[in-house]
**Q** 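Pasting in a structure now, in structure tokens, and then I'll have a few things to ask.
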Amino acid sequence: MQGETQLCMEIENTTVMVPYGGFSSSVVADHRFVYPIPQNMPSQAAAVLMCAGVTVYSALKTHVTSPDLKVAILGVGGLGHLAIQFAHAFGCEVTAMSSSPEKKEQALKFGADHFINSTHFTSSTDDRDGMRQFDYYYDLVFCTANHGINWSPLLMSLKKRGRLVLLGFPDIEMNSTNLVAHELSITGSLIGNPPTMRAMLSFAQEHGITPVVELMPMSQVNEALQRVKENKARYRIVLANETTDANR
Ligand SMILES: NC(=O)c1ccc[n+]([C@@H]2O[C@H](COP(=O)([O-])OP(=O)(O)OC[C@H]3O[C@@H](n4cnc5c(N)ncnc54)[C@H](OP(=O)(O)O)[C@@H]3O)[C@@H](O)[C@H]2O)c1
């Protein structure tokens, strides 16, 4: 009733999950969840923005209460590379935390002010080398990674009363001491509601926020999935039906 359809108690999958969902050559969708695409925005960009884009935009819109906040984005993938661009456009000081050093140059081009190696958070030994300068540094950490995060040094990077916002679905195992002693919060954020989708599309258009896309034909779906699993996709793969023009 409040318009937060993504949080509905009786949530229904509309276009994506039903056979064949996003892999269909066409779908019939409920008009409430169909949005005008801004002029000159290619379908392949809109496709990425309307999942990854709205997810990160909605989370940033909720939690970035002032442009002077220091924000970290953990994981520079499909969600992460857009989160950096949106957070930069919001005016925040942005740090990209990545396990892939080769992404540094592009992360800085996306608008990151700093790039740090997230393996400091993923090593099984609690390696604090190089991370002390970031202790109590961030107001907000947005986690888009799913795997192998070492939570205690990550939580140490949050300011007192800082907030960790989960966008990915990692397993969580942590010592509650930092959480309590530093009055930290952990929360999640799920996609976004229809007005947020519209606002995100026009914000992206206005600020030139563009997903970096590898366009692959639908016939290569298995290769595409393999690239994603191996963390090789840069930064989102869009599958184009051979029978349609992806740039239409
Ligand atoms: N909350 C929502 O509404 C919502 C919406 C869409 C998707 N999601 C979820 O958000 C998560 C991220 O989605 P995504 O599309 O951004 O995924 P993705 O493109 O695969 O990116 C995930 C990033 O996590 C990092 N990573 C760290 N350890 C990794 C490992 N062992 N293997 C692979 N990647 C690793 C990588 O970044 P670095 O190389 O920089 O470390 C990778 O690029 C997924 O769990 C997805 O299901 C949530």
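Predicted model, so just to flag it, every value in this text is computed and none were measured. Values reported hereafter were calculated over all heavy atoms of this structure, with side chains retained and with hydrogens, waters and symmetry mates removed. All ligand and atom numbering here is 1-based and tracks the order in the structure.
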**Q** Taking His81 for the side chain and Val212 for the main chain, is one N or O donor matched with an acceptor at less than 3.5 Å?
**A** yes
**Q** Check Asn231 against ligand 1 and report side chain, backbone, both or neither, counting heavy atoms closer than 4.0 Å.
**A** side chain
**Q** Please confirm whether the ring centroid of Phe110 lies under 6.0 Å from the ring centroid of Phe115.
**A** no
**Q** Using distance alone, determine whether Gly78 and ligand 1 share an N or O pair under 3.5 Å.
**A** yes
**Q** Any idea which of Thr55, Val76, Asn146, Thr119 brings a heavy atom closest to atom 2 (C) of ligand 1?
**A** Thr55
**Q** Please tell me if the side chains of Pro38 and Leu201 come closer than 4.5 Å, counting only heavy atoms from C-beta onward.
**A** yes
**Q** Mark up the atoms of ligand 1 that fall under 4.0 Å of a heavy atom belonging to Gly75, in ascending order.
**A** 37 (O), 40 (O)
**Q** Judging by distance only, is a nitrogen or oxygen of Ile191 under 3.5 angstrom from one on ligand 1?
**A** yes
**Q** For ligand 1, is any non-hydrogen atom under 4.0 Å from Ala52's backbone (N, CA, C, O), its side chain (CB onward), both, or neither?
**A** neither
**Q** Any chance CD of Glu230 has more than 12 other-residue heavy atoms, nucleotides or ligands included, within less than 6.0 Å?
**A** yes
**Q** Considering only heavy atoms of Ser98, which atoms of ligand 1 have at least one such atom less than 4.0 Å away?
**A** 38 (P), 39 (O), 40 (O), 41 (O)
**Q** Contact between ligand 1 and Arg236 is defined here as a heavy atom of the residue under 4.0 Å from a ligand atom; is it met?
**A** yes
**Q** Consider every N or O of Lys103 and every N or O of ligand 1, then say whether any pair is closer than 3.5 Å.
**A** yes
**Q** Determine the minimum heavy-atom distance between Tyr57 and Ala199, stating which atoms define it.
**A** OH-CB, 3.8 Å
**Q** Can you name the closest pair of heavy atoms from Ser100 and Asn231 and give their distance?
**A** OG-ND2, 3.5 Å
**Q** Any ion pair linking Glu105 and Lys109 (charged N to carboxylate O, less than 4.0 Å)?
**A** yes
**Q** Between the side chain of Gln205 and the main-chain N/O of Gln39, is any donor-acceptor distance below 3.5 Å?
**A** yes
**Q** Quick one: does Ala233 get a heavy atom under 4.0 Å from ligand 1?
**A** no
**Q** Could you list the atoms of ligand 1 found under 4.0 angstrom from a heavy atom of Ser100?
**A** 38 (P), 39 (O)
**Q** Tell me whether Asp68 at atom CG has more than 12 heavy atoms from other residues, nucleotides or ligands lying less than 6.0 Å away.
**A** yes
**Q** When you compare ligand 1 with Leu79, is there at least one nitrogen or oxygen pair between them that comes in under 3.5 angstrom?
**A** yes
**Q** Please state which part of Lys229 comes within less than 4.0 Å of ligand 1, counting heavy atoms only: side chain, backbone, both or neither.
**A** neither
**Q** Check whether any N or O atom of Cys51, backbone or side chain, sits under 3.5 Å from an N or O atom of ligand 1, and answer yes or no.
**A** no
